[in-house]
Amino acid sequence: MLTNTTPLTSNRGLLDWVQDKAALFQAESIHWCDGSETEYQALCGLMVRGGTALRLNPQKRFNSILVRTDARDVARVEERTFICSRSPHDAGPTNNWRDPFAMKALLGRLFDGAMRGRTLFVVPFLMGPPGSPLARVGVQLTDSPYVAASMKIMTRMGQVALDALGDEDFVPCLHSVGYPLLPGEEDVPWPCDPERIVVAHFPEERQIWSYGSGYGGNALLGKKCLALRIAGVMAREEGWLAEHMLILGLSNPAGEKIYLAAAFPSACGKTNLAMLKSALPGWKVECVGDDIAWMRFGNDDRLYALNPEAGFFGVAPGTSWRSNPHAMEMLRANTIFTNTALTPDGDVWWEGMTEGPPDKLVDWTGQEWTPDCGRRAAHPNARFTTPARQCPVIDPAWEDPRGVPIAAILFGGRRAATVPLVYEAFDWAHGTFVGATMASETTAASSGEAGRLRRDPFAMLPFCGYHMGDFFADWLHVGHLLPAASLPRVYAVNWFRKGEDDNFLWPGFGENVRVLKWIFERVADDGNGADAAQAGVAQPGAAQAGVAQPSAIGNLPAPGALDVAGLDLPAENLRQLFAVNPGEWQHEAQDILDFYEMFDDRLPDELHDELESLLARMKPSLQMV
Ligand code: GTP
Ligand code: SPV
Ligand code: MN
């Protein structure tokens, strides 16, 4: 049973804190998580008996469960996420700010007795590979077995974290689903308090307090709360970067390899790109991480990135043997599925998984479902939680405590118009401008309207724990710290441009390797491409390899430089994919100017200069329209 009351540490600060908070929460019992397999099984057993989870058919999905949440608790809630710095200026205009004193008073009331009738799980977790100079320990107190089990997959959880902690400080993370049980009261399958969700960060004290939700980034506090919002504040002080980025290794047919990092907003393709199965023979992608990158400067003046997580919390809809076979492979076993549909033979299903839907399902709300019923079978933000080591293309260096050297950084989003398939920034400052001004259509990863275009700088809009203007300044600063030759090159990508018929112009997924290939050939040229640098870029039959031509917005692939061999892509699609439409870009520039306004004098001058340079470069073409 889950009642390991013996603390697994002698860290005085931790012991006192747990005792203090257990009294506040009034939990019925305490369990110190050790992170063992036995414990994981017990947590799953608890969820199955309590009606939170269903065990899937082991012949289909070995050692896996399906969890259905309350329909009101299905995604991150950005309006209820707060940065509680002492001064509102430190949270900046892109964050919801609350006074820390007032917020603690509010949460103190909500937490008071919130775990009555429940077990308090003490979840020590390590973000980052053991032994890494950047690795950080957090301890989450939670009353959700789902959260404890998920943390086991997503982080290095239990004794390993306490060993890394020793007598040092940890990031305290308080979490309750906010559904105390009175004596004799029966539990519900997914307890939560959706009307009163609060996800609060105290950057000066490095604390996280979360109430009311059991879902994703609201509740798995190691992920967005610690590894991005709080880590960002630490990184700023200590001279490193915490980013919403995937990390991948890219090898060419000669076996030369570079690493890339890419920032796309939530549900815009990081998991898919991070483990893509290459459509080009000989080219290979290996995955270091799919969501978060911690980046530091190496002694060799290069930028190194590591994945602080140990699992993937990935978007299920759209994942198929065609779009992402490597993900399908890793989802065969040891996975928690959340808010997917259930097949009659005890397997999971979601929209886009197979060509057509099965005849009959149980949908994510537990109701009978048929293809003509007019409802979705899986929630659009249905997710899988699965260990990173199960990824068939996990990179050999994914747990290297030093991280991997980054040769290029990509910024992308969902843009139906305006933004070409790929272009290259002229230099670091221009690259920072591209990151700072990126925009994307909103997705189901956050509650609220999907499909609305918004600026999402560095894909960090919901995840930056301090003033976004200062975040921009930090990025510009990197460009002054490192020699230009060792800075990663910066690219914008957009897999989501649409034609007049509203269809995607680009096939995406495994074919995206064609864009990566062009980038590889570009960076291999300038000496920052690791092994590739020495080997040169000559590819048989690719006379245009790595060649670019400048445009007003950046360097585009020269005609013939993007390898589209064997891809049945109409020439008209290719033309539209790379069109830089002056009217659209004039509108874009105006929108960026409006966006700049909220930052006042905290917007670095260099970003104003970059916008002016863009306008100046556009002038000749504007006169033509
Ligand atoms: P978070 O986990 O929320 O941070 O999301 P993510 O950035 O990892 O997004 P993910 O890779 O899970 O993709 C989200 C959705 O976009 C899925 O439904 C994918 O099928 C779809 N998608 C990913 N890559 C492509 C692509 O190249 N083209 C198209 N058309 N869709 C894509
Ligand atoms: C995202 O929304 O960017 C995610 C999912 O990766 S969550 O963990 O819910 O933040
Ligand atoms: Mn994410």
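Indexing begins at 1, ligand by ligand and atom by atom, following the structure's order.
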> Hey, does the side chain of Ser446 reach the backbone of Thr442 with a donor-acceptor pair shorter than 3.5 angstrom?
Replying inline: no
> Just heavy atoms, cut-off under 4.0 Å: does Asp291 contact ligand 1 by side chain, backbone, both, or neither?
Replying inline: side chain
> Just which atoms of ligand 1 are under 4.0 Å from any heavy atom in Pro265?
Replying inline: 7 (O)
> Which residue pairs satisfy the salt bridge (Lys or Arg N to Asp or Glu O under 4.0 Å) criterion with at least one member in residues 208-227, sequence neighbours excluded?
Replying inline: Lys223-Asp291, Lys223-Glu309, Lys224-Asp291
>> If the test is side-chain contact (heavy atoms from CB on, under 4.5 Å), which one of Val422, Asn512, Asn272 qualifies with Trp495?
In response: Asn512
>> Within 45 degrees of the ring normal and closer than 6.0 Å to the centroid, is that where the cationic atom of Lys270 sits relative to Phe264?
In response: no
> atom 14 (C) of ligand 1: which of Gly216, Ala267, Ala263, Ser323 has the nearest heavy atom?
Replying inline: Ala267
>> Before we go on, tell me: are the rings of Phe202 and Trp209 under 6.0 Å apart, centre to centre?
In response: yes
> Of all the atoms in ligand 1, which lie at a distance below 4.0 Å from a heavy atom belonging to Asn512?
Replying inline: 27 (O)
Can you list, pair by pair, the side-chain donor-acceptor contacts under 3.5 Å of residues 325-332, counting residues two or more places apart and other chains?
unit_1 : atom_1 : unit_2 : atom_2 : d
His326 : ND1    : Met275 : O      : 2.9
Glu329 : OE2    : Arg332 : NE     : 3.0

> Can you tell me if Thr69 and Tyr146 form a side-chain donor-acceptor pair at under 3.5 Å?
Replying inline: no
> Which protein N, O or S atoms does the Mn ion (ligand 3) have within a distance shorter than 2.8 Å?
Replying inline: Lys224 NZ, His244 NE2, Asp291 OD1
>> Heavy-atom pairs closer than 4.0 Å: do any link ligand 1 to the side chain of Ala274, the backbone, both, or neither?
In response: neither
>> Whether Arg296 engages the ring of Tyr304 as a cation-pi pair (distance to the six-membered ring centre under 6.0 angstrom, angle to the ring normal within 45°) should be assessed.
In response: yes
>> Taking 4.0 angstrom as the limit and counting only heavy atoms of Arg383, give me the atoms of ligand 1 inside it, by number and element.
In response: 1 (P), 2 (O), 3 (O)
> Counting each atom of ligand 1 from 1 as listed, which ones have a heavy atom of Val315 under 4.0 Å away?
Replying inline: 12 (O)
> In the protein, which heavy atom is nearest to atom 19 (C) of ligand 1, and how far is it?
Replying inline: Asn272 ND2, 3.6 Å
> Under 4.0 angstrom from ligand 1, any heavy atom of His244?
Replying inline: yes
>> Under 4.0 Å, heavy-atom basis, I'd like to know which part of Ser266 is in contact with ligand 1: side chain, backbone, both or neither.
In response: both
> Among Pro317, Gly269, Ala262, which one has a heavy atom closest to atom 18 (O) of ligand 1?
Replying inline: Pro317
> What protein heavy atom is closest to atom 4 (O) of ligand 1, reported as residue, atom name and distance in Å?
Replying inline: Lys270 NZ, 2.8 Å
>> Checking side-chain contact (heavy atoms from CB on, under 4.5 Å) between Leu250 and each of Val285, Val523, Leu276, which is the one that passes?
In response: Val285
> According to the interplanar angle, ranging from 0 to 90°, do the rings of Trp475 and Phe458 count as parallel (below 30°), tilted (30 to 60°) or perpendicular (above 60°)?
Replying inline: tilted
>> Using heavy atoms and a 4.0 Å limit, tell me yes or no: is Gly352 in contact with ligand 1?
In response: no
> Is a side-chain donor-acceptor pair under 3.5 Å present for Tyr466 with Asp474?
Replying inline: yes
> Taking C-beta and beyond as the side chain, do Asn307 and Trp398 meet within less than 4.5 Å on heavy atoms?
Replying inline: yes
> Taking any residue with a non-hydrogen atom under 4.0 angstrom from an atom of ligand 2, which ones do you get?
Replying inline: Arg76, Gly216, Gly217, Lys223, Lys224, His244, Ser266, Asp291, Phe313, Arg383, Ala445, Phe463
>> Between ligand 1 and Lys498, can you find any atom pair, the residue atom being a heavy atom, that is separated by under 4.0 Å?
In response: no
